[in-house]
2 protein chains.
Amino acid sequence: MYTQTRTEIIGKATLRAMITIRELAKASGFSPTTISLVMNKSPAGQHIPAKTKESIRNWARKLGYYPNQFARSLRSSRSGSIAVIVPDVSDPYCAQVLLGVDKALYRSAYLPLLVDIQNSRARFRKYISTLFERRIEGVIAVANSLQLQTEMLDIFANNRIPVAAIGRESSDARINSVSVDNEAGARLAISHLFELGHRRIAFIRGPKAVIDSAHRWLGIVEFAKEVSLPLDSALITQLKDTASSSEGGFEAMMRLLRGGTPFSAVMAFDDMTAFGAIQALTQAGLKVPEQCSVVGFDDIAAAAHFNPPLTTIGQSMEELGKIGVSIFLQAREAQHGRGPGVRPIHRMVEPVLAVRASTARV
Amino acid sequence: MYTQTRTEIIGKATLRAMITIRELAKASGFSPTTISLVMNKSPAGQHIPAKTKESIRNWARKLGYYPNQFARSLRSSRSGSIAVIVPDVSDPYCAQVLLGVDKALYRSAYLPLLVDIQNSRARFRKYISTLFERRIEGVIAVANSLQLQTEMLDIFANNRIPVAAIGRESSDARINSVSVDNEAGARLAISHLFELGHRRIAFIRGPKAVIDSAHRWLGIVEFAKEVSLPLDSALITQLKDTASSSEGGFEAMMRLLRGGTPFSAVMAFDDMTAFGAIQALTQAGLKVPEQCSVVGFDDIAAAAHFNPPLTTIGQSMEELGKIGVSIFLQAREAQHGRGPGVRPIHRMVEPVLAVRASTARV
DNA sequence: TTGTAAGCGTTATCAT
DNA sequence: ATGATAACGCTTACAA
């Protein structure tokens, strides 16, 4: 094959191995301009005969011509890349969001640059220059965890790069966001338990610093008031760590059990917490859901496969990701259109109750 | 701030917003050459006075100068990007490998371009041109699943782009690979059960088309022969789908239970399969591990959080990822050094037995 | 020690 | 309908 012969040159050869538009021009007999017009389906080239177009495309395929994106970006001032920042790729929540982002971006002209900051501020900072050097046109950040605070995203907004924060409402007005309606989700969860006849319900609240915790708690308090359900402070505990984890859930449940106040159901901050809580219950000889119902939040992939399959509040992370992309595209459109008059976009997705086998009638 | 003022221009402004080396030259009073030498710490610039260097770096920081990577790549013929291809980002196995890849790549000069082919050949094909256009210098592919066959990676090898396949040995000699020692892993699993006193062991084998299945089975057969353990064909079943899943495990276990042949332990193809099997056992009223021990393979994150926590064979996906990167770096080094005489690299990681609560003495 | 100028591959503008 | 030419921002001989 042609390209293979050319790669015999060693050293810096890697990129040179590809054929250039001028070489393609020479080989095909057309000029670089014509080729460019054809390859990009430019409006300016609409009067080029179909025969010519056909011929050029054939030559391109035959010689393996792939236009150099760097030259293109340099000329056009468009990088076609967008940063997707996640606190931790191996976290199932992030993974699901990523899936949605990817699906949505796939149809667009943008390529995602995945930045996994692994819960480290230092890593985040080190990536910033890389992203600027690559001239990213936007940022989509999964900001559900503590580690990726929206303030950190200010640097992008300062440089007029549109930012979409996923999973947490931003305090900065210039930062767009999508998140689940935490309050509504919490209501769904507690009302599910309430309808099953549970009256003595325990709560494992999320870390204080996570804004979602507060919103979810608000939903609980309001629902409780409406149906006159008393909230016993002996049945309320809080995750200690900054991040949620199965271990945290385990410990929280141990505290509740040691407390001695009886309860027939638990509402956990999220699924990981619920997993830990169920393990603690099982270990204490209590069967779920027969002796204690458990409900989680998030509906991560593992929830459905857990033993027992977990009843939880789904928030379609995939949807969050897709909306994140659409927000970016919209923001970018607005930026191009009128410049300054861009309003921040905030959207919420509706939570859904996924009833599985970890909850039962009293 | 300077950069902000400049961005008032609308339209194509996004990339223009950044300052160029010439503007920095004008502002600082030094020439582009000097600046380039300083910013890149070029050997040629070793005699530039510290004072000048200092001054240039200060100006750069003050004006927010980030060298344009496109211009740089165009000039230097080095893209600094490498494709990381995964069958499915939301799969926990992939996620863990990705973590390792990312950690290893972070210290290198390369930026990963994540390609999630979502188990679709069509998506894969569509990405190929994007990757060539961006002039990737290498490919790291998680090839554990059926969906990403090593043959698909040939197109890169054909273009002299080093490829490292993770999770599956490649048949093509030009494709480097790292995988777990499946045979040794299977031995670990069965000998663990054997030592716990199990003699009637059931097996849920992996899909036929997955090469790992065969390797694991080989380990089983050899071990059985050594200790004269009879393998009862009534206790051997196989996943039907092309991919492994919790559902597949559930069905396989139902088949085994319906078969009526008694057994005290099951070895599942992988963790997801084990999850499904445990659910089936639980549903049938059998307690794990009291009435039936279960062992998985992979040690995905959820295994430790499962109920009961799953005994399984760990294969440090993170390690696989890191090795994948080191193989790429090595391959690239070799390519630069001597050109043709590059030997394919194949490495294996040792599996480890993670004993948790899903297995017990008979 | 620092500056000048050419060229990387593409595309937009202007000619033909 | 197609072609010549300049410019995008950077690096690197080579010149001063």
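A note on names: the letters A, B, ... follow the listed sequences, proteins ahead of strands, and every chain is numbered from 1.
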To the nearest Å, how far apart are [X] [atom1] and [N] [atom2]?
| X | N | atom1 | atom2 | answer |
| --- | --- | --- | --- | --- |
| B:Arg72 | C:dT10 | CZ | C1' | 20 Å |
| B:Glu23 | D:dC8 | CD | P | 11 Å |
| A:Asn68 | D:dG9 | CG | P | 16 Å |

Checklist entry - If you take atom types as modelled and just measure distance, does the side chain of B:Arg75 reach the base of D:dT11 with a donor-acceptor pair under 3.5 Å? => result yes

Checklist entry - Which angle, to the nearest 10 degrees, lies between the helix axes at the two ends of the helix from C:dT1-D:dA16 to C:dT16-D:dA1, each defined by five pairs? => result 40°

Checklist entry - Does one side chain, of B:Arg134 or A:Ser81, offer a donor that lies under 3.5 Å from an acceptor on the other? => result yes

Next on the checklist: Within the 3.5 Å criterion, strictly below it, is a donor on B:Arg174 or B:Asn158 matched to an acceptor on the partner's side chain?
Outcome noted: yes

Checklist entry - By a strict heavy-atom criterion of less than 4.0 Å, which residues belonging to residues 46-53 of chain A are in contact with DNA chain D? => result A:His47, A:Ile48, A:Pro49, A:Thr52

Checklist entry - Got a sec? Which of residues 36-44 of chain B come in under 4.0 Å of DNA chain D, heavy atoms? => result B:Ser36, B:Asn40

Item to check | Residue pairs passing the side chain to side chain donor-acceptor pair (under 3.5 Å) test where at least one lies in residues 26-37 of chain B, sequence neighbours excluded | outcome: B:Ser31-B:Thr34, B:Ser36-B:Asn40

Checklist entry - B:Ile82 versus B:Ile140: any side-chain heavy-atom pair under 4.5 Å? => result yes

Can you give me every donor-acceptor pair (side chain of residues 106-113 of chain A, partner residue at least two apart or in another chain, under 3.5 Å) with its distance?
unit_1, atom_1, unit_2, atom_2, d
A:Ser108, OG, A:Leu105, O, 2.8
A:Ser108, OG, A:Tyr110, N, 3.1
A:Tyr110, OH, A:Arg78, NH2, 2.9
A:Tyr110, OH, A:Glu137, OE1, 3.1
A:Tyr110, OH, A:Arg332, NE, 2.7

Next on the checklist: I need the residues from residues 27-35 of chain B with at least one non-hydrogen atom less than 4.0 Å from DNA chain C; give them sorted by number, or say none.
Outcome noted: B:Gly29, B:Phe30, B:Ser31, B:Thr33, B:Thr34

Checklist entry - Can you tell me if the side-chain N/O atoms of B:Tyr66 get under 4.0 Å from OP1 or OP2 in D:dC10? => result no

